[in-house]
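Reviewing the structure listed below.
Start at 1 and go down the list; that is how both ligands and their atoms are numbered.
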Amino acid sequence: MIDLRSDTVTRPTPRMRDAMAQANVGDDVYGEDPTVNRLQDECATLLGVDATLFVPSGTMANQICLHVLTDPGDEVILDRSSHIFNYESGASGMISGVQLNPIDTADGRLKPADVEAAVRPKMSVYARSRVVSLENTANKAGGVVYDLDRVHRIADVVHAHDLRFHLDGARLWNASVALDVSLADLIAPFDIAWLAFSKGLGAPVGSIIAGPDDTIEAAGTVRKQLGGGMRQSGILAAAALVAMDGYRERLRRDHDNARRIAETVAELDSFELDLGRVQTNIVIFDVSDGTVEEVITRLAAHDIHVTPFGPRTVRITLHRDVDDAAVNATIDALRTEFD
Ligand SMILES: Cc1ncc(COP(=O)(O)O)c(C=O)c1O
């Protein structure tokens, strides 16, 4: 089976399983798990922040961050395609009592002017604009990247209005590789940020929240309140440490493979694809001849599995478990079925 539905479908490698089996553990709610502590320390250094916090999922990371940054009734400005708005089961309303202000953009990325226009005047009738949230890379927009210049220009607007700046960096690893900019530089403008181990990096579970000491201390309290205090979670942190090892080379391979597949899709008359938007490990394209269901079924006949991503749209995602042979097989199947 060639599973291109998502980069979350990866299985732990033998090295990860071995590290999990051998991991030194303790009770992390007491702060006594040496492997979690090692992961958090290594990530703090890598990300150039005071402190980090290991959490079970990206969704919990987003929700902890929003809870730390807001009060009930506040508003969060974000792109309409963002994960927080689309795929978190209304959690930000439920957990933090905040209102989301989703902005329509041409390509899934906010511009400074979008943010400027979305900030509400300070009047009692309005929700208080409090947080601007970016997603880098922007998943639903096809894995497109916010470059550092745009992040800084948005940060200027954030600061001018005394707002707070949040980063959903589930795939910041991919952005860092695509831009050849360090993770630390990409995170520096934000008040709080997080990255996932369980997407393209291939770990089974976990994300890491990064920020200043006091912010991460507050995040630790919210993690516990949400039931995310994990005990011998060094078993999971051990896999995350392995997942980080050598990630840049592997993600570069995923990006190259995404481009190869995208170039094939772009050649086929049945599809429409903007190659400019293929910047990382995700390929999204529209079906102009036939239906999304037909495309999925015809590829499934080759045991290649892709995901529907809108009424006319299909998503293909590259990840750690897709090797060059699988990419060649996918290209062959696309040509056989749709040329
Ligand atoms: C951009 C983005 N943010 C957040 C999440 C949530 O992560 P998790 O599935 O670990 O809750 C995802 C999941 O795919 C994502 O793509």
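Among protein heavy atoms, atom 6 (C) of ligand 1 sits closest to His83 CE1, 3.3 Å.
When the options Lys199, Gln63, Arg171 are ranked by their closest heavy atom to atom 16 (O) of ligand 1, first place goes to Arg171.
The side-chain heavy atoms of Arg153 and Asp149, taken from C-beta on, include a pair separated by under 4.5 Å. Counting only heavy atoms from C-beta outward, the side chains of Phe285 and Thr313 never approach each other to under 4.5 Å.
When non-hydrogen atoms are compared, ligand 1 lies under 4.0 Å from neither the backbone nor the side chain of Phe197.
Within ligand 1, the atoms closer than 4.0 Å to a non-hydrogen atom of Trp194 are 3 (N), 4 (C), numbered from 1 in the order shown. Ligand 1 places these atoms under 4.0 Å from at least one heavy atom of Ser57: 10 (O), 11 (O). For ligand 1, the atoms closer than 4.0 angstrom to any heavy atom of Gly58 are 6 (C), 7 (O), 8 (P), 10 (O), 11 (O).
Considering backbone and side-chain N/O atoms, Ala170 never comes within less than 3.5 Å of an N/O atom of ligand 1. Between Thr59 and ligand 1, an N or O atom pair is found at a separation short of 3.5 Å. On a distance-only criterion, Asp168 and ligand 1 share at least one N/O pair closer than 3.5 Å. The N/O atoms of Glu135, backbone and side chain alike, include none that comes under 3.5 Å of an N/O atom in ligand 1.
Between the Asp33 side chain and the Thr35 main chain, a donor and an acceptor come within less than 3.5 Å of each other. Here the side chain of Thr215 pairs no donor or acceptor atom with the backbone of Gly211 at under 3.5 angstrom. Here the side chain of Arg320 pairs no donor or acceptor atom with the backbone of Arg11 at under 3.5 angstrom. No donor-acceptor pair under 3.5 Å is formed between the side chain of Asp254 and the backbone N or O of Asp256.
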- Message: Determine whether Asp168 and His166 satisfy the following criterion, side-chain hydrogen bond (donor to acceptor under 3.5 Å, both in side chains), listing intermediate values before the conclusion.
- Response: CA-CA 7 Å; Asp168 172 341; His166 164 254; over 6 Å; no

